[in-house]
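Report on one structure; see the data block that follows.
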There are 2 protein chains.
Amino acid sequence: MRIVFVGDSLTVGVGDPQYLGWPGRLCAASPAAGLGLTLYNLGVRSETSRHLKARLGRELPPRLLPRDEARIVLSFGVNDAKIENGRRKVELAESVDNLFDIASRATALCPTLVVGPPPVLDDAYRCRIEELSDVFAGVCAEMGVGYLEMCRPLCRERAYLDSLVASGDGYHPGAEGYAAFAARVAAWDAWLAWFV
Amino acid sequence: MRIVFVGDSLTVGVGDPQYLGWPGRLCAASPAAGLGLTLYNLGVRSETSRHLKARLGRELPPRLLPRDEARIVLSFGVNDAKIENGRRKVELAESVDNLFDIASRATALCPTLVVGPPPVLDDAYRCRIEELSDVFAGVCAEMGVGYLEMCRPLCRERAYLDSLVASGDGYHPGAEGYAAFAARVAAWDAWLAWFV
């Protein structure tokens, strides 16, 4: 099986001194770890859903061969909800359109799951992420695509919050935070079903 | 700093149950490990220099921002020297042209290093990799691009060879092999010079 993880800096694991991020820890803990499972990490720093929509059509195909062994995990949204120069980087309505477009194209290629955006330390910013996460959950439910909420659950986890504080930017966790993130996905029924 | 590793299954770390490969271990052992160093792994299974040449122009730019913090490490060639259906996947002359093209485009973008293809267990196949590695070394010397030979040095390392045997395919090492690979690059002057 080959799993492509698509997202932003949180997907690529920025701030993790062990260079695993949550996808690396998740795959290492999976029942298929080793030669039978290849991990492709397509997270890119500072990207919003608009950037992802633009590059996925080019980057996915070479990594999904053979097609029947391919899987996709999408995870983005924190950068969409960011305020920069007084404006939200991507308005909520466009984020929803982009998720629909990206998830439609991904599911047409192979089985796909969506992992929601995690929390940040700033309260107002985190509220926008929660709102985005709720809307994403609704879109995925309508599309019949598995969605795992991460913002509220990780906000209740001391290890994740401590990791955000320790990293210094309140946005990227360190090794412990990524481990807590991975553990939640690893326990998800929809993820485990890929290895039955 | 952001470092993009470009290559094949050996670059993405196929067979490593820890999902680090040599690029992950190399970055984790670097003086800049953590928030200051982002790793992008663009290795794709079974790709030859022909495949890499075709996709690099699309995949590099989003990952090289800001440009003055970007670095590229190229590592490919084992698949070029593979015999499939009685034919070499990429003839030596074309491999050389492809390396020249890829390295020219990479160095025009940011500082670039080339890590040579590692050995496999099969003797005849390994001889073709050695030949390719020698020619690649010459091309890089002419271009003024740093090149690290890996095939002969790793062939003398018990940890690498044992790892190739243990993996079962004689081609991809396991965790110990990737660690031996990473250690050689970590000790390379040209690599260390990026962190001075």
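In what follows, chains are A, B, ... by sequence order, proteins preceding strands, each numbered from 1.
No chain of hydrophobic side-chain contacts below 4.5 Å, direct or via other Ile, Leu, Val, Met, Phe, Trp or Tyr residues, connects B:Leu60 to B:Val73. B:Val6 is connected to B:Val96 through a chain of hydrophobic side-chain contacts under 4.5 Å among Ile, Leu, Val, Met, Phe, Trp and Tyr, so both are in one cluster. One hydrophobic cluster holds both B:Leu99 and B:Tyr147 under the rule that ILVMFWY side chains link at heavy-atom gaps under 4.5 Å. The hydrophobic clustering, which links ILVMFWY residues whose side-chain heavy atoms are closer than 4.5 Å, places B:Val135 and B:Val90 apart. Hydrophobic clustering, with ILVMFWY side chains joined whenever heavy atoms are under 4.5 angstrom apart, keeps A:Leu109 apart from A:Leu113.
Heavy-atom distances place the backbone of A:Ala32, and not its side chain, under 4.5 Å from chain B. Using a 4.5 Å cut-off between heavy atoms, B:Gln18 contacts chain A through its backbone alone, with no side-chain atom that close. Neither the backbone nor the side chain of A:Leu65 comes within less than 4.5 Å of any heavy atom of chain B.
Among B:Leu42, B:Thr38, B:Val12, B:Asp169, the residue with the largest count of heavy-atom pairs under 4.5 Å with chain A is B:Thr38. The residue among B:Ala175, B:Cys27, B:Gly21 with the most heavy atom pairs within less than 4.5 Å of chain A is B:Cys27. In terms of heavy-atom pairs under 4.5 Å with chain B, the best-connected choice from A:Leu39, A:Asn41, A:Leu37 is A:Leu37.
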Step-by-step side chain to side chain contact (heavy atoms under 4.5 Å, CB included) determination, A:Tyr19 to B:Leu26: CA-CA 9 Å; A:Tyr19 291 90; B:Leu26 178 63; over 6 Å; no
Dump the intermediate steps for side chain to side chain contact (heavy atoms under 4.5 Å, CB included) on B:Val14 and A:Arg2, then the final yes or no. CA-CA 10 Å; B:Val14 168; A:Arg2 291 104 205 267; over 6 Å; no
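More than 12 heavy atoms of other residues, nucleotides or ligands lie within 6.0 Å of OH in A:Tyr125, so this atom counts as buried by the packing criterion. In B:Arg87, the CZ atom is not crowded: 12 or fewer heavy atoms of neighbouring residues, nucleotides or ligands sit closer than 6.0 Å.
Here the closest non-hydrogen pair linking B:Pro17 and A:Ala33 is O-CB, 4.2 Å.
Interatomic distance, CD of B:Glu59 versus CZ of A:Arg55, reported as 9.0 Å (0.5 Å rounding).
Side-chain atoms of B:Pro62 and A:His51, non-hydrogen and from C-beta on, never get closer than 4.5 Å to each other.
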